[in-house]
Amino acid sequence: MPSENPAKQEIVVQGISASQGIAHGQIFVYLQSDVEVPSYQVDPDKRSAEIARFEKALVITRQQIAKIQSEVEKTLGEDEARIFDAHLLVLEDQALIVETIRDLETTNRNIETCFNKVAQRYIQAFSEIDDEYLRERAGDIRDVAQRVLQNLLGQAENSLSRLAEKRIVVANDISPSDSASINRSAALAIVTDSGSKTSHAVIVAHSMRVPAVVGTRDLTKRVSPGDWVIVDGYEGVVIVNPSEATLFRYGKIQDQKKSYQQRLLDANRQPAVTLDGVSVELMANIERVDEIGLLKEYSAPGVGLFRTEYLYLNSSRIPTEQEQFLAYKAVAEALAPHPVIIRTLDIGGDKPMTSNPELFTKEANPFLGCRGIRFCLNNPEIFKDQLRAILLAGAYGNVRLMYPMISGADELARANVLLAECKAELQARGQTFDKKMAVGTMIELPSAAATIDLLSQESDFFSIGTNDLIQYMLAVERGNDRVAHLYEPTHPAVLRTLKHIVDEAHERNRTVAVCGEMGGDPVFAPLLLGLGIDGLSMTPTWLPAVKFLVRAMTMADARALAAEALTLSSPKEIYAKCDAFYRSRVKVE
């Protein structure tokens, strides 16, 4: 790496690692600005003309997005092009369109003002959702809204197409439309002030196989076009004006990382077996049918968590039994005979369906509200459509069913009563389905963790959702910057609870997996396995690192690590022990 601008002071900015790799180059600063929306009164007799303008803008926007989608499919492939399916669905959302026209009729303000007000309400609702992936979908609505407003106002669209020479793109944010216009041969890396690991900038960076760092806060205000930077996608670090010594160090790091990544990929082709001969079940978490290709690319032997709420949230209406069946069947057939664990609808509270607002009421604390199994039990017809679809898909592969957010044995029993009704209905129809489908329970609430003995009476297996379990146990909202530092997976209370779940379940011959973020972190994998966890399920791209670690350790050492961790009182000390265990086995700095 050659030195550039040695007189300038080196600045190190910590962000969030989003796409691995290291890049060195000059900056291209891209600042996306919102459309300024004029507001004025419209004569009642001009309403029809305003509505016509609105409908025309929707058509033009749909044509623009379809064109972008076609271009992305040609250059990056069908999977990346599906990013824009959500954009097209926004344009077809009747609730958004009807509310905009209703606001025009009520306020007599121009259509731009009415549409912007409704769109901002939708954006705010999604921005407050706890689920990181869904929270990022607010960007879909924002991107589409900006396009519609630009077309209403006759403005030219924003674009990154000006990127001609090889540069590192630094932006406050990158929308899907922006990312689609990036010159793939010119972008060396992507850095954004905002965003998270599920933002579209990350999706594009992965597809381009370039490093990405997000969440750098105000980097766009601290750099100038042409500044030289290093982007470290492994550690989430951006170094502005790197010194000679830093350039030399990163040259060596880059060589080490390439060697390590190759070792991970080589290990991923091998079975997940420890050095002392213990097989470990590693599976993948998915959200969409189109991730089947990713499962095969990363050698995932099955699906430990299929999040089904995306079928509902990415639709302008509730999907039918048949539509759901086809989605579940596609995954089951593709992975047969390997297992596919389908989690029933985890929606409500902080994940409302904008297409059916009448099903939801605003709650003071949605995290403690009507979500998951509570919503399903309150809406049995919606729930039974899904249960029948899952049972039918069971005839085409190794499908298992799992309920979310169970708080106790009563909820589990009520859900199983509805499942029995669905089986009777399918039997009456004369349709083929899996009559003996295994039924599992997500352990996400402290009350469920404390009553494993009772839940075992109506549950064939368990899977721990560590994200919510830790959040509820420690009373920490992960998205709240003021308390996020208190979210500690290695808290003694968390470890003791995990051990209790495992012991109680094993005593009753029930298996226990982990499908939360802890399960995909190679630093935590030995601890979890040492506590007795039977399997881990994670984002497909995390499989190589976890499998590599599993193949580099003994189960005896993992059990010793867990036993020691259970005697310690400091979360940081426990984490340090786990990190030391990890580093001693992978031997990479």
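A quick note: this is a predicted structure, and the numbers were derived from the prediction, not measured. Worth knowing before you read on, the calculation uses all heavy atoms, side chains too, and leaves out hydrogens, waters and symmetry mates. Numbers here are sequence positions counted from 1.
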Test: E573 and K577 ion pair at under 4.0 Å: no
Under 3.5 Å side-chain donor-acceptor pair for D557 and T554: yes
N-O pairing of R371 and D346 below 4.0 Å: yes
Charged N-O contact under 4.0 Å between K547 and E281: no
No-hydrogen, no-angle side-chain donor-acceptor test under 3.5 Å, T466 and E517: no
Distance-only polar pair, side chains of E333 and Y328, donor-acceptor under 3.5 Å: no
N285-T539 side chain donor-acceptor pair, cut-off 3.5 Å: no
Salt bridge E321-K384, side-chain N to carboxylate O under 4.0 Å: no
cation_pi(R585, F581) dist<6.0 Å, angle<=45: yes
R496 CZ: over 12 foreign heavy atoms closer than 6.0 Å: no
Electrostatic pair E504-R508, nearest N-O below 4.0 angstrom: yes
Test: K296 cationic atom under 6.0 Å from Y298 six-membered ring centre, within 45° of axis: no
